[in-house]
Amino acid sequence: MKAKNFFPTVGEIAHMGVVLATGRDTIVEAVGLMEASNLSDVVFECDGGHAIFTVEDLMQFRQHKRDYALRLDEIAVPRLNYVRAAENVLNVLPIFDAHQCRYLGVRDDSEHLIGVVSYTDVLASVDPVVVMERKKLIEVVSKRHIDIVPASMSVEQAMMHLIYAEDAVLVEQDGNIAGIVTTKDAIRLIKEQVDTDAQIGCYMTSPVWTINQRETIKSAIDALRQRQYKRAIVTDEQGKLVGVVTQRELIDLTYGRWAELMKLHAHELGELVHVLESKNYALQQETLTDTLTGAGNRRKINQAIEAEIGRYYRHGMTPFSVMLLDIDFFKKINDMHGHLFGDKVLRHVAQHVSGMLRITDVFARWGGEEFAVLLPTANREAAAILAERIREVIASSPFDKVSVTVSIGVAEYVRGESLEGVLRRADQALYAAKEGGRNRVATGS
């Protein structure tokens, strides 16, 4: 009984006041509702219930180069499961697990939909305040690769970096961070139908809000909530960029204290102690996985390659290679057979590739119809042999009687090279494979 007082109800933490669309509304109209309401999702009626279209769905939709004139009821988006506003938040966690979902609809006692609650909302509601008030950002800020692009980069290229709601791209001009592009900016740019060949510097949000590394986690989360931002750009005392940390990462960092808090109140929580202790790994995996294919995502492959570069110098410069793979004429497949069929082709290719890799290899969806593979300990020759084997298997395995082939570019890491450098050479090799007639393998110099 104490748990009801110790932790909030769903109604106390949910986003109340749902923006409702209809299934007949187009993606363009949904984007307009998002921007007008300053929200990252819209809910629409579907088969007697409701479904939710989020900014993550929008970014995936854009990656596939789909038609924005499609109606909401013509695309595959999650149906909402429901929870009562009066429910204690601790009782909601198993519901997220059971349905493998990130959002729940919130109903009142009259069964009317009155809000939406996310998995992050629930976890954030039981933050260990003491730890957040004492731990500094400098102790937790991510040292991972930060996406920084030149102001001269095209809108199209910059937006390729955006998949998840927390994603952002920093824009550099004259050696300084001049702006930022977030998924909220992406909604605006898509709605305004800007020229995607234009320079991103013309459309970035500027100036960039930053927070000092000496601030606490609590002050950072408070600032993010007040500004309705999803990430903090962290700087040192001289204003130099230190890193980027998302609200989700700040919440992740407090799992240890959550587990302690739950154990202190174990008599109130029962089996939920184990549930909360197991969440950290699951949430980390979610942020590194492409939801359509089950492969890793761009973030995962970038982290893996950077880690492999570090091992390269620590362990006698053991060679490793990177492979970029592109499905040939994928747009034609989509145009002829529809985007749902195209999604199945993506999963078909992903299953074949992942089935031919070692447990130590890292496989990820690079974006659209492209995939990337990290091959530790493989030199260029070994990587090219594997790439040719993958190409042959896919070419000889039509999907639903439709021929599917791939072009593959391979590059072996060169001493002194950066993450961007080895990927650039793999991409150049991929371009050469496509220019050479497709359905072939090319290796970088």
Side-chain angles (χ1 to χ4, degrees), residues 10 13-23 25-46 50-64 66 68 70 72 75-81 96 101-106 113-125 147 158-169 180-192 194 203-205 209 221 223-233 244-252 283 286-287 290-292 297 299:
V10 171
I13 66 168
H15 299 278
M16 310 303 275
V18 179
V19 177
L20 271 177
T22 71
D25 287 332
T26 64
I27 304 301
V28 170
E29 291 168 328
V31 170
L33 282 173
M34 286 181 182
E35 186 185 44
S37 308
N38 196 29
L39 293 173
S40 59
D41 56 72
V42 293
V43 175
F44 62 95
E45 296 178 341
C46 177
H50 298 89
I52 186 167
F53 180 74
T54 69
V55 68
E56 286 94 342
D57 298 318
L58 176 62
M59 293 297 100
Q60 291 282 359
F61 191 87
R62 185 181 180 281
Q63 287 282 334
H64 296 165
R66 295 184 175 178
Y68 290 111
L70 282 176
L72 289 171
I75 60 176
V77 292
R79 289 286 300 273
L80 275 179
N81 296 285
F96 283 105
C101 60
R102 295 180 61 188
Y103 299 91
L104 293 171
V106 181
L113 182 68
I114 59 173
V116 174
V117 65
S118 73
Y119 185 70
T120 302
D121 293 331
V122 173
L123 293 180
S125 70
D147 278 333
M159 287 179 64
M160 285 293 291
H161 293 255
L162 304 176
I163 298 293
Y164 297 95
E166 294 90 350
D167 286 347
V169 176
I180 189 171
V181 181
T182 69
T183 50
K184 184 176 290 187
D185 293 314
I187 292 173
R188 171 175 55 84
L189 297 177
I190 292 171
K191 178 178 180 293
E192 294 174 358
V194 304
Y203 296 99
M204 64 188 179
T205 295
W209 172 75
I221 290 179
L224 290 171
R225 287 174 176 166
Q226 180 181 357
R227 291 172 170 80
Q228 296 185 347
Y229 291 168
K230 294 187 180 296
R231 89 285 305 148
I233 313 302
V244 178
V245 62
T246 68
Q247 183 178 10
R248 175 179 290 198
E249 287 170 334
L250 289 174
I251 293 171
D252 285 354
L283 189 57
E286 178 188 338
T287 63
D290 175 62
T291 54
L292 176 65
N297 58 22
R299 180 180 297 151

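- With a 4.5 Å cut-off on side-chain heavy atoms, D41 and H15 do not count as touching.
- To the nearest 0.5 Å, atom CG of residue L58 and atom CG of residue L162 are 10.5 Å apart.
- Residues forming a ring pair (Phe, Tyr, Trp, His ring centres under 6.0 Å) with Y103 (at least two apart in sequence, or on another chain): none.
- With contacts defined as side-chain heavy-atom distances shorter than 4.5 Å, the pair F53/I27 qualifies.
- For the pair V43/V116, a side-chain contact is recorded, criterion being any heavy-atom separation below 4.5 Å from C-beta on.
- Partners of K230 according to the side chain to side chain donor-acceptor pair (under 3.5 Å) rule, which considers only residues two or more places apart in sequence or in another chain, do not exist here.
- Scanning both residues, A21 and L33, for their nearest heavy atoms gives CB-CD1, 3.8 Å.
- Considering CZ of R231 and CD of Q247, their distance stands at 10.0 Å, rounded to 0.5 Å.
- The side chain to side chain contact (heavy atoms under 4.5 Å, CB included) test with Y68 is passed by exactly one of V28, T26, V31: V28.
- Contact between S118 and F96 at its shortest, heavy atoms only, is C-CZ, 3.7 Å.
- Nearest heavy atom pair, residue L80 against residue G105, reads CD2-N, 3.7 Å.
- In this structure, A158 and V169 approach most closely via the heavy-atom pair O-CG2, 3.8 Å.
- Checking side-chain atoms of S37 against main-chain N and O of L39 turns up no donor-acceptor pair under 3.5 Å.
- Scanning for ring pair (Phe, Tyr, Trp, His ring centres under 6.0 Å) contacts around Y229 gives W209, with sequence neighbours left out.
- With sequence neighbours excluded, the residues satisfying salt bridge (charged side-chain N to carboxylate O under 4.0 Å, His left out) with D185 are R188.
- Looking at R62 and I190, their side chains come closer than 4.5 Å, going by heavy atoms from C-beta outward.
- Nearest heavy-atom pair, M34 versus S40, reported as atom, atom and distance to 0.1 Å: CE-O, 4.0 Å.
- Partners of E29 under the salt bridge (charged side-chain N to carboxylate O under 4.0 Å, His left out) rule, at least two apart in sequence or in another chain, do not exist in this structure.
- K191 pairs by the salt bridge (charged side-chain N to carboxylate O under 4.0 Å, His left out) definition with E35, not counting sequence neighbours.
- In this structure, the side chains of L113 and V106 stay at 4.5 Å or more apart for every pair of heavy atoms.
- In terms of modelled atom types and a separation under 3.5 Å, the side chain of T183 and the main chain of A186 share no donor-acceptor contact.
- Contact detail for N38 and Q228: the closest heavy-atom pair is ND2-OE1, 2.8 Å.
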